[in-house]
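Working notes for the structure below.
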Amino acid sequence: MEVQFQFITDPEALEKACEEMSDAADLGFDVETTELDPYKGDLRLVQLSDGRRTKVIDLYAFRKFGGLATQTELAPLRKLLAAERPKKIAHNAKFDAKWTRHHLGVETGGLYDTYLASVLIGAGTGERRHGLADVVQFFLQKTLDKTEQVSDWGAEDLTQAQAEYAARDAAVMPELKAKMEERIAADGLRDVLKLENECVMPVAEMELNGFFLDAERWRQQLAVKEAEQAAAGKELQSMLAAGVAQASLFGTTEINLDSQQQVAAALSGLGIPMPASTSRWQLQPLAEKYPQIAKLLEYRAAAKAAGSFGENILEFIEPKTGRIHADFRQIGAPTGRFSCSNPNLQQIPHEDVYRRCFRAEEGNKLVVADYSQIELRILAEMSGDAAFIAAFESGADLHAATAARVFGVEPDAVTPDQRSFAKRLNFGVVYGIGAQRFARMTGLSDREAENALRRYFASYPQMDEWLRVRSKEVISSRAARTMSGRLAKIELDPADRASVGAAQRYARNMPIQGTSADILKRALRLLHDRIRETSARLVNIVHDEIVVECAAADAETTREILVDAMTRAGEEFIKKVPIKVDAAIADEWTK
DNA sequence: GTGAAGGGCCAC
DNA sequence: AAACGTGGCCCTTCAC
């Protein structure tokens, strides 16, 4: 693939090029950098292409004019990037948006991400990869050579091959987008792609913002957990010693307490009847009778804390900012949920000892807001169940209202036990729980659990019907959708009962979990547009929760903006049930 | 040595 | 040894 391009190294040429490109409807947009992390490396090239004319801008040539983020020589480029039109077509646009935001000081407008488009079209099948070369091959039947991708982009003089590679990646984007749009339309993915594209910039900024972690507090907490682990480990070793087959003449009876095999063998050696697995739910019932089991569970909890939530997380603090800049995958699950890694800020334990380490910096506040029972409200909306909707509309305690119906008592006569059963039913039904599992969970007999489920669905007949239709339709459609139109293709083998069951539970759960993700993403965009000129910064999201940091003086205003954005986003999708958002202003990430 | 797989467990 | 959905991280075990 041969691409003509202009290599730009001076302000006059840049201004002319930006003027030339400004009339295009779509511009391919790409950058080349010396590192993957914008806090660690240089932004070397910015490439723009309308498909015919391609500009490769060498930012090293502009360093002589001063800092890139503020210099006036780059103003034409900033203006072009900031504009809603032309659209900027990029593959994994979050990357390009982060680098240009951080190094050029500009928020890119009109982003269109061919990576996210490809993932949406893939609909969770995993049957093809979504790298640019893969996507270009699949949609355009053209082969892209990516060997220059990892070349030295910090070299004073770039090679011809590097410049051509850079130009070509940008030049292919408009054509790729045009081709993908046909498929997006045919698959009914227009709305959800718009939702995703509008969410890229908020996510890019969130990653740049990072979340402040008080390292001192974290270390103090960690020291406590490490001491607990050491103490529990020592006690457990001596309790197990008698059950360990003599290892050597030197008589060492120490075993690896992190090895299920060795621990299970030692416990068996003590005459303890061991279940097939050593997972907590299996061992818990044995803990009362056997102190060794109780000690093992104590050791495991401390080991988990010291391992997954230990020193490792401190290593993610970026020295330049003193904050944690985790990676958020915008379509982390086929349902549309985000995933998070390096580190995963969506799995920090609830306990205050951990959460209080994530806090606002001096002079700032956190605003923490989450949707109240959003998945159950979505289920009410999608199923249109009159009784379920009425329970939400009354504003009364949903779980108590459910208990009253299931147990056939007056709402104010519901016992705490009954409410607890109803709560677990309400949450379980979202996951497609079965009677057996519900029985294990609650301690009811299988018979009683079946009856409880039967009464539950009798109480909410339209919900029952909606869930049944999802189960039935997936057999032929092999697909499910959220309210935004997000698609999940579902594989199943009709001859295999387990596969059919799994597909049916997924087909019932995906529209609910995925619509929740749709709503959150819409909220992120609305929030982003309203906090742009304020002190507020998005710092974390956890499925139905948004955390914003702002100047202390702006906290009340920020809380109102956040609640309003989340509520409006919810109301765009949910019409029959009220949306409820709980929000708090705090110094720390606690509720 | 390195990496995949599986167990176990944290979040929503 | 979960027939309750979605993730990621740490650890051991085992194959290459």
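Predicted, not measured: the structure shown is a model, and the values here were computed from it. Reminder, nothing fancy here: chain letters follow the sequence lines and each chain counts from 1.
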>> Does A/Gly432 reach a base, just sugar-phosphate, or nothing at all? Heavy atoms under 4.0 Å.
In response: sugar-phosphate
| message | Please classify the nucleic acid contact of A/Ile512 as base, sugar-phosphate, or nothing, using heavy-atom distances under 4.0 Å. | response | nothing
Between A/Arg497 and A/Phe338, the residue closer to the 5' end of DNA chain C by nearest nucleotide is A/Arg497
Can the positive tip of A/Lys521 be found less than 6.0 Å from the middle of the six-membered ring of A/Phe338, inside 45° of the ring normal?
yes
Between CG of A/Leu345 and C1' of B/dC10 the distance, given in whole Å, is 13 Å
The correct set of residues in residues 275-308 of chain A placing a heavy atom under 4.0 Å from DNA chain B is A/Ser277, A/Thr278, A/Ser279, A/Arg280, A/Arg300, A/Lys304
Sequence neighbours excluded, the answer for salt bridge (charged side-chain N to carboxylate O under 4.0 Å, His left out) partners of A/Asp113 is none
Between C/dA1 and B/dG6, how far is it from one C1' atom to the other, in whole Å? 14 Å
**Prompt:** So what does A/Gln261 touch, heavy atoms closer than 4.0 Å: a base, only the sugar-phosphate, or nothing?
**Reply:** sugar-phosphate
Taken to the nearest whole Å, OH/A/Tyr354 to C1'/B/dA11 is 13 Å
Using the C1' atom as the reference point in each nucleotide, state the distance between C/dA3 and B/dA4 in Å, no decimals. 27 Å
- Item | Nearest-Å distance once atom C1' is located in both C/dA2 and B/dG7 | 14 Å
Looking across every strand, which nucleic acid part, if any, lies under 4.0 Å from A/Arg437 by heavy atom: base, sugar-phosphate, or nothing?
base
Discussion item. I'd like to know if A/Arg219 and A/Glu216 make a salt bridge, using a cut-off of under 4.0 Å between side-chain N and carboxylate O.
Written reply: yes
- [ ] Name the nucleic acid region contacted by A/Met441, choosing base, sugar-phosphate or nothing; use a 4.0 angstrom heavy-atom cut-off, strictly under.
- [x] base
**Prompt:** Do A/Tyr456 and A/Asp464 come close enough that some side-chain heavy atom pair is under 4.5 Å?
**Reply:** no
Sorted by position of nearest nucleotide on DNA chain C, 5' first, the leading residue of A/Ser341 and A/Ala498 is A/Ala498
From NE2 of A/His543 across to P of B/dC10 the rounded distance in Å is 16 Å
Residues pairing under side chain to side chain donor-acceptor pair (under 3.5 Å) where one sits in residues 338-353 of chain A, two or more places apart or in two chains, turn out to be A/Asp327-A/Asn342
Those residues at least two apart in sequence (or on a different chain) that pass side-chain contact (heavy atoms from CB on, under 4.5 Å) with A/Tyr431 are A/Asn509
So the side chain to side chain donor-acceptor pair (under 3.5 Å) pairs with at least one residue in residues 432-444 of chain A (sequence neighbours excluded) are A/Arg440-A/Asp446
- Look at A/Glu381 together with A/Arg377 and state whether they make a salt bridge at an N to O cut-off of under 4.0 Å. no
Between CD1 of A/Ile313 and C1' of B/dA11 the distance, given in whole Å, is 12 Å
The first and last nucleotides of DNA chain C lying within contact of chain A, meaning any atom under 4.0 Å from one of its heavy atoms, run from C/dA1 to C/dT13
Assign A/Arg355 to base, sugar-phosphate, or nothing according to its heavy-atom contacts below 4.0 angstrom with the strands shown. sugar-phosphate
From CG of A/Asn344 across to C1' of B/dC12 the rounded distance in Å is 11 Å
Centre of A/Tyr354's six-membered ring, under 6.0 Å away, within 45 degrees of the axis: is that where NZ or CZ of A/Arg356 sits? no
*asked:* Taking the ring centre of each residue, are A/Tyr371 and A/His543 less than 6.0 Å apart?
replied: no
